[in-house]
Number of protein chains: 2
Amino acid sequence: MSVQRKGVPAVAPRFSDLAGDQPAWMDSILKGDCVAALERLPKNSVDLVFADPPYNLQLGGDLLRPDQSKVDACDDHWDQFASFEAYDAFTRAWLMAVRRVLKPDGGIWVIGSYHNIFRVGSILQDLGFWILNDVVWLKSNPMPNFRGKRFTNAHETLIWASPSKDAKYTFNYEALKTFNDDLQMRSDWHLPLCTGAERLKDAEGQKVHPTQKPESLLYRVLLSSSKPGDVVLDPFFGTGTTGAVAKKLGRHFVGVEREQAYIDAATARIAEVEPAAPASLSVTKGKRAAPRVPFGNLLEAGLLHPGATLTCPKGKFKASVRADGSLASGEHTGSIHKVGALLQGQDACNGWTYWHIEQNGAKVPIDALRQIFRLRRPAA
Amino acid sequence: MSVQRKGVPAVAPRFSDLAGDQPAWMDSILKGDCVAALERLPKNSVDLVFADPPYNLQLGGDLLRPDQSKVDACDDHWDQFASFEAYDAFTRAWLMAVRRVLKPDGGIWVIGSYHNIFRVGSILQDLGFWILNDVVWLKSNPMPNFRGKRFTNAHETLIWASPSKDAKYTFNYEALKTFNDDLQMRSDWHLPLCTGAERLKDAEGQKVHPTQKPESLLYRVLLSSSKPGDVVLDPFFGTGTTGAVAKKLGRHFVGVEREQAYIDAATARIAEVEPAAPASLSVTKGKRAAPRVPFGNLLEAGLLHPGATLTCPKGKFKASVRADGSLASGEHTGSIHKVGALLQGQDACNGWTYWHIEQNGAKVPIDALRQIFRLRRPAA
DNA sequence: TTTTGGAGTGAATCCCTCG
DNA sequence: TCGAGGGATTCACTCCAAA
């Protein structure tokens, strides 16, 4: 596949099926230096950042394979820094620029290797970002260590952070759990490198970008920590993996990139992406997203009657329902939660799952009645 | 097992079967602050350092499990620091003290989590240490994320470094390769937590140390980067896992520890260690069943797309695939297994064999896609 | 003697809305 | 802004008691 399309504008065409009026920078690639280009975005305009900054690889001479063929190392000039101080200054600058455009309840991901990730992590913390997780991308097919002098470097590290300690960041917990066969998603992600047809090649068959990330990685990043319609910024856009996956998943993107060749490749690539149907983008949500149902509503709706008797799971405690939706059990009165907690001598209790009622000879948690109520009266 | 042995001296008896004339500090535990105690060691006297410094966790209030029981947090005073600056100063001080006693061709390992490891890594680099690898310890049985607000924190990070860029460090490449079924040892190590009989308990059955590391981890560290007879320093000795494994593997140890209770426990523990031929590796080589493949992986890998339609064997039920790997069929949403069970009115259902997709005019169970996935990505 | 079920636990930066 | 209160939230493994 050739990506050398002459005359493609630096700003990719917006895809129109997502929204009506959009600022000019939406779903486009800004050409230029990261810090300068970000000044063209308004403050608090971005929901999520994914950044794959230069790794500051400090390679000595050429690396040879056992058969003496040369390893195609990442020795591009943009990856060279004179010192740790220079790299730190660069990192601080782009992180501060990103911070300005990131919403207070947004999120940021940065990927790196041991060459740079410790600098990035420290500076994130120094700037007041709050680390939520570090995630390790385990490569199922890493490059072996040809000289046998170290362990095979089989992973990279991602840092997920919010702009401040008390930010209300997005995390699609239930969706990720469903994704992972009903088990919590862990901080270790086993994914293959970007190879084969997914890897962009130029007319000569050479890879267009030395560190193109797999779409599977971005899929998981965007699915976990953004919502459909969100704006995702990638300040080191490269060949646009972030943009391609964002478009596929119904998110907006903004990219910043200095090299025209990468911009051309990314623009062509993203144009070919088919967005998923909006309906398939809705994602499993937990109980927290369901509308709150006051217990008293069950009485109003006739699903329960004043005077009904509730029991705890083991039948040890009983309580009777009062007309105002409170419970009475001996001396204790109060909400379903409070009475449950008091009887058990605990600080808290989820009354919906604790209290049961007998129906057709079986004990059913009152949460089942709540579900019936919600079905009868959707979006109450 | 009780480790409360009164009258045990702070300095453990040397074990005499390793060498003849030894300095007094060899195979002993130095009591006191790390920096001060290290002044008692000569310059260039240590071959390898393993350090498990405080992580500076910065925990908030109590954390309760879903069953309302309290998580036994690591809230010891030694893990409290006023600020990142204070933690950095502490880190710089002990690393400089360690650097003095470490031989120019020695090595150092430091373990940490995202709370502290970025500070440690940056300071290592600033002090001129040369990072050789970062290694991730993947926990097979981590503590879950009880509130569902983040990814399960399922790993810790180790940094392996030499004192300078051109150090001739020790790396037993062939030994590790043999250890690892004739494959290069990778930078991801899958090991269980320290639990069961290995975990030191006091007379009341409480764990002696909140963060005791598994011997399997130290086994791999010492096997890979030290030689028999080497001196291994652990400046945060705790209950002496480093010393126990060093003795087992025929290495000398020096520990530094402030708390007398830990010193007592470690001394008793190490006294019971039999220096043995390494035949006890079986714990780290758990047999590999067919790797579990979450349904979501098929989406990431592009074998299925959001919006695809699945059907049951008889074509009676249809469901559409959503971006998070859940299915939607009428009112029902959830995992492939859950939705299959709901539609059939059963308690359980194997979604892999139940759901089919049309390919080239034929209905194929999605299990076929899973097999393709496994072939493409062995040992995911 | 063997199997089954329940309780316990591990370095954790772990809620959110409303008045 | 703060406090009160509703109510949501767990995986792998070990040990011990019970069957």
Side-chain angles (χ1 to χ4, degrees), chain A residues 105 125 129-134 160-162 165-166 168-169 171 173-174 177 180-187 285-296 325 334-341 346-355 366-367 370, chain B residues 52-76 78-81 84 87 111-117 137 139-157 192-199 201 205-207 209-214 236 238 286:
Chain A
D105 289 335
Q125 291 177 316
F129 287 91
W130 192 247
I131 299 181
L132 299 165
N133 276 116
D134 60 335
W160 176 39
S162 61
K165 180 175 177 176
D166 47 0
K168 293 190 174 69
Y169 56 90
F171 180 53
Y173 173 76
E174 287 290 340
K177 189 173 171 176
N180 192 37
D181 270 9
D182 295 331
L183 289 176
Q184 286 189 340
M185 186 67 84
R186 301 172 27 129
S187 58
K285 293 203 174 74
K287 286 184 179 174
R288 273 188 268 256
R292 203 174 70 86
V293 175
F295 179 64
S335 71
I336 53 173
H337 315 294
K338 194 172 170 188
V339 172
Q346 294 184 334
D347 288 338
C349 164
N350 184 338
W352 290 109
T353 52
Y354 181 71
W355 291 112
I366 56 175
D367 198 29
R370 181 170 62 164
Chain B
D52 183 12
Y55 284 10
N56 189 23
L57 285 186
Q58 308 174 68
L59 302 178
D62 286 344
L63 178 62
L64 298 182
R65 301 168 195 267
D67 65 1
Q68 302 296 318
S69 66
K70 198 175 135 192
V71 172
D72 185 12
C74 176
D75 51 3
D76 301 66
W78 48 256
D79 199 47
Q80 314 288 329
F81 291 84
F84 284 129
Y87 188 80
I111 185 169
S113 67
Y114 66 85
H115 310 84
N116 71 322
I117 199 66
W137 167 29
K139 304 175 182 182
S140 53
N141 49 348
M143 191 187 295
N145 186 288
F146 294 115
R147 304 299 290 264
K149 300 307 292 181
R150 302 180 177 196
F151 299 100
T152 306
N153 198 356
H155 74 276
E156 293 186 26
T157 301
L193 296 171
C194 179
T195 58
E198 189 187 327
R199 188 88 195 215
K201 304 281 173 56
Q206 301 298 305
K207 57 190 179 193
H209 194 283
T211 70
Q212 184 181 341
K213 295 291 175 289
F236 306 96

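The chains referred to below are lettered A, B, ... by the order of the sequence lines, with proteins before strands, and numbering in each begins at 1.
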Heavy atoms only, 4.0 Å cut-off, all strands: where does B:D52 land among base, sugar-phosphate and nothing?
base

Ignoring the backbone of B:W78, work out which of D:dG7, C:dA11, D:dA12 is nearest its side chain.
C:dA11

All heavy atoms of B:I117 vs all of B:G112, minimum pair found to be CD1-N, 3.6 Å

Strand partner of D:dA8, provided both Watson-Crick or wobble distances fall under 3.5 Å:
none

Nearest-angstrom distance from the residue atom CG of B:L193 to P of D:dC13
10 Å

Base, sugar-phosphate alone, or nothing: which one does B:C194 contact when heavy atoms must sit under 4.0 Å apart?
nothing

Classify B:R199 by what it touches in the nucleic acid, base, sugar-phosphate, or nothing, heavy-atom distance under 4.0 Å.
sugar-phosphate

Across the strands shown, which category fits A:L183 at heavy-atom distances under 4.0 angstrom: base, sugar-phosphate, nothing?
sugar-phosphate

Name the pairing partner of C:dT2, where a pair is Watson-Crick or G-U wobble with both distances under 3.5 Å, or state none.
D:dA19

B:S113 near the nucleic acid: base, sugar-phosphate alone, or nothing, with a heavy-atom cut-off under 4.0 Å?
nothing

Whom does C:dC18 pair with, Watson-Crick or G-U wobble, provided both distances fall under 3.5 Å?
D:dG3

Could you tell me whether B:K70 contacts a base, only the sugar-phosphate backbone, or nothing, with contacts defined as non-hydrogen atoms closer than 4.0 Å?
nothing

Tell me which of B:Y114 and B:R65 sits closer to the 5' end of DNA chain C, going by the nucleotide each one is nearest to.
B:R65

Under 4.0 Å, counting only non-hydrogen atoms across every strand here, what does B:G205 touch: a base, just sugar-phosphate, or nothing?
nothing

Considering only atom P, compute the distance from D:dT9 to C:dT17 and round it to an integer number of Å.
14 Å

B:N145 near the nucleic acid: base, sugar-phosphate alone, or nothing, with a heavy-atom cut-off under 4.0 Å?
base

Reckon A:H337 has a side-chain N or O less than 4.0 Å from the OP1 or OP2 of D:dG7?
yes

Nearest non-hydrogen partners of A:W352 and A:V293, listed with the distance
CZ2-O, 3.1 Å

Phosphate-side-chain proximity, A:Y173 and D:dT10, N/O vs OP1/OP2 below 4.0 Å:
yes

Atom pair distance, as rounded to whole Å: CH2 in B:W137 and P in C:dA11
6 Å

Is there aromatic stacking of A:W130 on C:dT13 here, judged by a ring-centre distance under 5.5 Å and a plane angle under 30°?
yes

To the nearest Å, how far apart are A:N133 CG and C:dC14 P?
11 Å

Nucleotide nearest B:S140 when distance is taken to its side chain, options D:dC13, D:dG7, C:dA11:
D:dC13

Heavy atoms only, 4.0 Å cut-off, all strands: where does B:P214 land among base, sugar-phosphate and nothing?
nothing

Expressed in whole Å, how much space separates the P atoms belonging to C:dC18 and D:dA8?
14 Å

Would you say A:R370 reaches D:dA8's phosphate, i.e. side-chain N/O to OP1/OP2 under 4.0 Å?
yes

B:R150 has its side chain closest, among D:dA8, C:dC14, C:dA11, to C:dC14

When rounded to the nearest Å, what value does the distance between C1' atoms of D:dG7 and C:dC14 take?
15 Å

Please give, in whole Å, the distance from C:dG10 C1' to B:L63 CG?
12 Å

Distance-only donor-acceptor test, B:R147 side-chain atoms vs D:dT10 base atoms, 3.5 Å:
no

What nucleic acid atoms does A:S335 come within less than 4.0 Å of, heavy atoms only: base, sugar-phosphate, or nothing?
sugar-phosphate

5' precedence on DNA chain D between A:F295 and A:Q184 (nearest-nucleotide basis)
A:F295

To the nearest angstrom, the CD-P distance between A:Q125 and C:dT13 comes to 13 Å

Is B:D79 close to B:Y55 at the side-chain level, that is, under 4.5 Å between some pair of heavy atoms?
yes

How close do B:R65 and B:K70 get, heavy atom to heavy atom, and via which atoms?
NE-O, 4.3 Å

Between B:E156 and B:K139, is there a side-chain N and carboxylate O pair less than 4.0 Å apart?
yes

When the ring centroid of A:W160 is compared with that of A:Y169, is the distance short of 6.0 Å?
yes

Any base atoms under 4.0 Å from B:A197, or only sugar-phosphate, or nothing? Heavy atoms, all strands.
sugar-phosphate

Between B:S113 and B:H115, does any side-chain donor sit less than 3.5 Å from a side-chain acceptor?
yes

Same-atom distance (C1') from D:dT10 to C:dT9, integer angstrom:
12 Å

Determine the contact category for B:P142: base if any of its heavy atoms lies under 4.0 Å from a base atom, sugar-phosphate if only primed atoms, P, OP1 or OP2 are that close, otherwise nothing.
base

Report which part of the nucleic acid B:E198 touches: base, sugar-phosphate, or nothing (heavy-atom distance under 4.0 Å, all strands).
nothing

Could you tell me which non-hydrogen atom of B:S140 sits nearest to which non-hydrogen atom of A:R186, and how far apart they are?
O-NH1, 4.1 Å

Does A:K338 reach a base, just sugar-phosphate, or nothing at all? Heavy atoms under 4.0 Å.
nothing

Hunt down the Watson-Crick or G-U wobble partner of C:dA11, both distances under 3.5 Å, from any strand shown, or write none.
none

5'-most contact on DNA chain D: A:R186 or A:T353, nearest heavy atom basis?
A:T353

